[in-house]
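Single-structure report; data block below.
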Amino acid sequence: MHPVRFETIATDGAARSGVAHTARGSYRTPCFMPVGTRGAIKYLSAADYERLGAEIVLGNTYHLMLRPGAETVAALGGLGRFAGWNGLTLTDSGGFQVFSLDPDVDDDGVTFKSTYDGSSIRFTPEIAVHTQESLGADIQMVLDVCPSLPSPPEVIRLAVERTSAWAARARATHRRDDQALFGIVQGGIDEQLRAESAQRTVELEFDGYGIGGLSVGETRGEMVPALAVALTHLPLDRPRYLMGVGDPASLVEAVALGVDQFDCVMQTRIGRHGTALTGEGKLHIKNAKHTVSDEPLDSACSCDVCQRHSRGYIRHLFQVGEPTASRLVSLHNISWTLQLMAGMRAAIEAGTFGAYRQQVLAVWG
């Protein structure tokens, strides 16, 4: 019995609305997972995500294993209890962060320097599994090799080989029945390598499948064909997770191809600097034209920020350096994205996803 069972509720073309059932609870798909890098989404608390309607939140293995340490998180009841979050959690393997640090990589694993104190740290597929078992998320990801794009073909090929070998080692190491383990597909924008990586990952029979190594510098036009090829080789009875992608156009395009879940830091990163996501596109709240605007960030948004505060007020908070400003726009951006996903689910179930997609792309494409 797999710890994750995927139940399809409706399909519209390749797009699907469903429910992923984990050992500890369920989440509706397509879904967006807000990113709580160090055990919290910046400026927000678990009570906030609960009110926003998030069902699953991501934590970052790399940062949590360095501070406060996986053992500390385990001693305090695992990631959810540690953060006071009653919903579901997923931890990434930390690979993406590690590979952004220009580490020493060999067939066995990777050695990198801690961003906190410069100490040298060894990380292997087995250590990644054990660390995430201690963190205790509902879903953990295997350690993969994530090359930047563009990279030479031989670099992408080696990433696929190592990702595959490491996935097999992770699968053999994983012990917790109450914690799902997702494999990861690599292959850059090479369609043949994507197909091969997907097939090799599926042979290992994971609980779900991440598609990694996209949204790392390539265009959306390059991303979509590579993603489409990978998806054709992934089983329909498992969740499919496009890692690190969160701009509205990519979300709707990926859902159209059959992706179920996403995570991204963009929502809060741009929110902290005064950019709001709206039905009309990006809104830069610091612009002078909003000084005396009594309008909400987005009149169609149901979030508490839009129900309560004007553009003029939020702009004022940014002008005086009040941190509440960053908090409010971050709350709105996560809520807006969760509402976008709910809109996609409703459109798939109504059989109107094609029109919904065109509507989103007309603004964001």
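These numbers come from the heavy atoms of this one structure, side chains and all, not from hydrogens, waters or symmetry mates.
A salt bridge does not link Glu349 to Arg345: none of the charged side-chain nitrogens sits closer than 4.0 Å to a carboxylate oxygen.
In this structure, CZ on Arg194 lies 8.0 Å from CD1 on Ile211, to the nearest 0.5 angstrom. Interatomic distance, CD of Glu253 versus CG of Leu227, reported as 10.0 Å (0.5 Å rounding). If you take CG on Asp178 and OG1 on Thr22, they are separated by 9.5 Å, rounding to the nearest 0.5 Å.
For the pair Phe32 and Asp263, the minimum side-chain heavy-atom distance is 4.5 Å or more.
Of the residues listed (Thr163, Leu234, Val185), the one engaging Thr201 in a side chain to side chain contact (heavy atoms under 4.5 Å, CB included) is Val185, and it is the only one.
Alongside Val292, the hydrophobic cluster contains no other residue (criterion: ILVMFWY side chains under 4.5 Å). Members clustered with Ile9: Val19, by chain and number, using a 4.5 Å side-chain heavy-atom cutoff among hydrophobic residues. Apart from Trp166 itself, the hydrophobic cluster it occupies contains Tyr62, Met65, Leu66, Val98, Phe99, Leu101, Val105, Val110, Phe112, Tyr116, Ile121, Phe123, Ile127, Leu143, Val145, where clustering links Ile, Leu, Val, Met, Phe, Trp and Tyr at side-chain heavy-atom distances under 4.5 Å. Connectivity analysis of hydrophobic side chains (ILVMFWY, heavy atoms under 4.5 Å, direct or indirect) links Leu64 to Val73, Leu76, Leu79, Phe82, Leu135.
Contacts classified as salt bridge (Lys or Arg N to Asp or Glu O under 4.0 Å) and involving residues 9-34 (residues at least two apart or in different chains) are given here: Arg16-Asp260, Arg24-Asp138, Arg28-Glu55. The list of salt bridge (Lys or Arg N to Asp or Glu O under 4.0 Å) pairs with a residue in residues 33-51, not counting sequence neighbours, reads Asp48-Arg51, Asp48-Arg327.
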